[in-house]
Structures are given as structure tokens and as C-alpha cells.
Amino acid sequence: MEATKPVKPNNSGSNVRGIKNAFLVIIACFIVAVCLFLFVFGHPSHFNLEGIDEASLPSSMFFSDINAHPNDLVGTIFKGGVIVPILQTLLLTVIVLSVERWIALRSAKGTGSITNFVKGVKKCLETNDIAGAQALCKKQKGSVAAVVSAALNRYEEMDKNTVLTKEQKIATLQKEVEEATAIEMPALQQNLPIVATLTTLGTLVGLLGTVIGMIKSFQALAASGAPDSTELSTGISEALINTAFGIATGAFAVISYNFYTNKIDNLTYAIDEIGFSIVQSFAATH
């Protein structure tokens with residue numbers, strides 16, 4: 001019996017675009033969040049400076065020891081304390097990675113409708129028009145088309161192969177679809193685990209800020225004599241602002257994660273559907 005020749009996979013890597021190093025995104029978001037906190041939210045224009053020499057104030061309230069009351073929501077956010085830039089970092093990271101996933105999954109989807117592409121490939125397979133199916137893949141592009149193109153290339157190789165049995169050819173086709181899918185899947189799911197982590201982390205950090213703010217409020221109430229209204233309001237502001245940022249971060253991360261997970265599931269279903277059709281078409285015609 002003649003020895004079978006090993007068949008090498010045709011795929012070399014995924015074509016899905018995306019940010020490979022999410023750590024750099026987090027660092028950039030942290031720098032932006034700190035700058036916003038110091039020079040935007042902490043600017044003296046957002047605080048009531050009555051009776052205070054404004055000329056003696058620095059450019060940011062962060063470097064000032066005065067207990068000025070905020071005039072607007074921006075100043076109130078600054079009163080949230082040092083936890084605010086951390087929460088802003090988490091929220092900005094979720095937003096940036098969500099936009100990044102949107103761009104990546106659009107490139108993975110390709111240039112046209114996935115549903116129409118699947119129907120077109122199936123129609124070509126019914127007439128054994130492999131060249132037509134390959135033309136559709138070149139036109140569609142994206143992850144689904146890449147998997148289908150790899151499977152069709154292997155289809156043509158198995159069609160010309162006179163060494164392997166029919167069962168071996170079918171197994172080789174199935175393996176090709178699995179390998180091509182395995183190459184694409186990590187690129188589709190990239191950075192989503194970070195978004196999933198932020199769904200919980202954002203809420204927990206917000207809760208931490210809330211607890212710190214409430215501790216300051218109770219310290220003001222426990223002070224000897226009349227409670228310091230400024231300290232009391234600062235503690236309450238810190239608690240509420242951190243709660244709001246934590247909830248917003250967690251909610252946005254949950255929505256983003258579930259939305260993109262559903263889109264990936266749809267792409268995976270399309271890949272499985274066409275892969276099954278290719279294998280069944282080969283089995284039926286050989």
C-alpha cells in the first residue's frame with residue numbers, strides 16, 4: 001500500500017484587524033483620565049471661589065488645599081476623589097476596546113451580507129462550481145470567506161488526490177475547516193476577555209470609592225461640635241460620583257461584551273454551516 005503524503009494547512013494567519021496589545025490602550029486611557037481629572041474637572045472655574053484670591057490659585061484644584069464648593073457637575077465629579085481617574089480609565093478602556101472590536105468584526109464580516117454569501121457558496125457547491133465559490137470568497141473577504149477559501153482549496157486537492165480513500169479525504173476536509181476556524185477564532189475574540197473583566201472590576205472599584213466617600217461622611221458627622229458641612233458634602237459627593245462611574249462602566253461593559261459575543265456566534269454559525277455544506281457536497285459527489 002502506498003504511503004499517504006502529509007497535507008499541510010493553507011492558512012498562515014488571520015486577516016482580522018485589531019489591537020494586539022490592550023495593555024498600551026489601558027496606559028493611554030489612564031494618562032487621558034488623569035489629565036482630564038487634574039486640568040478639566042479640577043479647574044478653578046468649576047468651583048465657587050468667593051472670598052478667595054483667584055490669582056493665588058494653581059491651574060488645578062488638585063494642588064490646592066481650599067475646600068471650595070463645586071459650581072457644576074464637572075466640579076462635583078472632581079470631588080469624587082482619586083478613585084475617579086481610575087474609574088475613568090476603566091470606562092475609557094471599555095469604550096476604546098468596544099470601538100476596536102466593532103472595526104475588527106466589520107473586517108471579519110467582509111464586504112457583503114454573510115447570509116447572501118452563504119447562499120451563494122451553497123448554490124455553487126450544488127453545481128460543483130468550485131471556481132465560482134472561490135470568486136465569491138475573493139469578493140466577500142473577511143474571516144468566513146477565509147475559512148471557506150481554505151476549505152475549497154483543500155476540496156480541489158482532495159478531488160485530484162488518487163492516493164487517499166474517500167473517508168480519508170472527507171476527514172482531511174473536516175480537519176481543514178477546523179484548523180482554518182481555529183486560526184480565525186482567537187482574532188475574533190481578542191480583547192473581549194478584558195471587556196468581560198471590566199464588567200465586574202468597574203463595579204467593584206466604584207463600590208470601593210463609595211465606601212471611601214461614606215467613611216469621610218461619617219468622619220465629618222462624628223467630629224466634635226457641629227459637623228463640618230463641607231467635609232460631609234465632599235464625602236457624599238465622592239460616594240455618589242464613584243457609584244455612578246462604577247455602574248456606568250459595568251453596564252457599558254456588559255452591553256458591549258454580550259453584543260460582540262452574539263456577533264461572533266453568528267459568524268461562527270456561518271462558518272460551521274458552510275463547512276458542513278462543503279464536506280457534504282464532497283461526500284455526495286465522490
Side-chain angles (χ1 to χ4, degrees), residues 19 22-43 45-48 60-62 67-105 189-221 227 229-265:
I19 297 175
F23 179 74
L24 297 178
V25 174
I26 297 174
I27 295 298
C29 289
F30 177 74
I31 294 173
V32 172
V34 171
C35 291
L36 285 173
F37 181 72
L38 296 181
F39 303 111
V40 177
F41 299 115
H43 194 273
S45 62
H46 300 297
F47 296 85
N48 183 3
S60 172
M61 293 294 294
F62 182 81
N67 292 317
H69 291 284
N71 285 330
D72 50 30
L73 180 60
V74 176
T76 303
I77 292 175
F78 180 81
K79 285 292 186 178
V82 294
I83 298 295
V84 170
I86 298 176
L87 286 168
Q88 287 178 330
T89 299
L90 300 181
L91 180 58
L92 287 174
T93 300
V94 172
I95 294 174
V96 172
L97 292 183
S98 296
V99 174
E100 181 267 343
R101 281 297 86 193
W102 174 266
I103 297 173
L105 292 182
Q189 297 175 341
Q190 185 175 310
N191 296 329
L192 279 183
I194 297 176
V195 176
T197 302
L198 293 178
T199 61
T200 302
L201 185 60
T203 304
L204 291 177
V205 175
L207 180 60
L208 173 63
T210 300
V211 172
I212 293 175
M214 294 308 297
I215 289 174
K216 291 183 178 180
S217 297
F218 283 113
Q219 285 178 338
L221 287 173
S229 60
T230 300
E231 289 294 330
L232 181 61
S233 63
T234 299
I236 295 175
S237 296
E238 184 168 349
L240 296 179
I241 288 299
N242 289 318
T243 301
F245 268 112
I247 293 175
T249 301
F252 192 80
V254 167
I255 294 172
S256 175
Y257 179 79
N258 290 333
F259 176 77
Y260 291 118
T261 299
N262 182 64
K263 292 184 74 69
I264 291 173
D265 289 342

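Note that these values count all heavy atoms, side chains included, but never hydrogens, waters or copies made by symmetry.
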Please round to the nearest 0.5 Å and tell me the distance separating atom [atom1] of [X] and atom [atom2] of [Y].
X	Y	atom1	atom2	value
Leu192	Glu100	CG	CD	8.5 Å
Phe259	Trp102	CZ	CH2	5.0 Å
Thr93	Gln88	OG1	CD	11.5 Å
Ile86	Leu201	CD1	CG	9.5 Å
Ile241	Ile236	CD1	CD1	12.5 Å
Ile212	Leu208	CD1	CG	4.0 Å

Q) Parallel under 30°, tilted from 30 to 60°, perpendicular over 60°: which one fits the rings of Phe37 and Phe78? A) parallel
**Q.** side chain to side chain contact (heavy atoms under 4.5 Å, CB included) between Tyr257 and Ser98, intermediate numbers included
**A.** CA-CA 8 Å; Tyr257 179 79; Ser98 296; over 6 Å; no
Q.
Between Gln189 and Ile264, is the side chain to side chain contact (heavy atoms under 4.5 Å, CB included) condition met? List the steps.
A. CA-CA 8 Å; Gln189 297 175 341; Ile264 291 173; 4.1 Å; yes
Do [X] and [Y] touch side chain to side chain, with heavy atoms closer than 4.5 Å?
X	Y	answer
Arg101	Lys263	no
Val25	Asn191	no
Ile27	Ile31	yes

Keeping the roles fixed (side chain from [X], backbone from [Y]), state whether a donor-acceptor pair exists under 3.5 Å.
X	Y	answer
Asn242	Leu207	no
Thr210	Ala239	yes
Asn258	Val254	yes
Thr197	Pro193	yes

Q) Any idea which heavy atoms bring Ile77 and Val84 closest together, and the distance? A) O-CG2, 3.5 Å
Q) Which atoms form the tightest heavy-atom contact between Gly202 and Leu90, and what is the distance? A)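 Of all heavy-atom pairs spanning Gly202 and Leu90, the closest is CA-CD1, 3.9 Å.
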Q) With a 3.5 Å cut-off and no angle check, do the side chains of Asp72 and His46 form a donor-acceptor pair? A)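 Yes - a donor-acceptor pair under 3.5 Å links their side chains.
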(Q) Among Leu198, Thr199, Ile255, exactly one meets side chain to side chain contact (heavy atoms under 4.5 Å, CB included) together with Val94. Which residue is that? (A)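 Considering Leu198, Thr199, Ile255, a side chain to side chain contact (heavy atoms under 4.5 Å, CB included) with Val94 is found only for Leu198.
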Q) When you look at Ile247 and Thr203, which way does the side chain to side chain contact (heavy atoms under 4.5 Å, CB included) test go after all the steps? A) CA-CA 6 Å; Ile247 293 175; Thr203 304; 5.8 Å; no
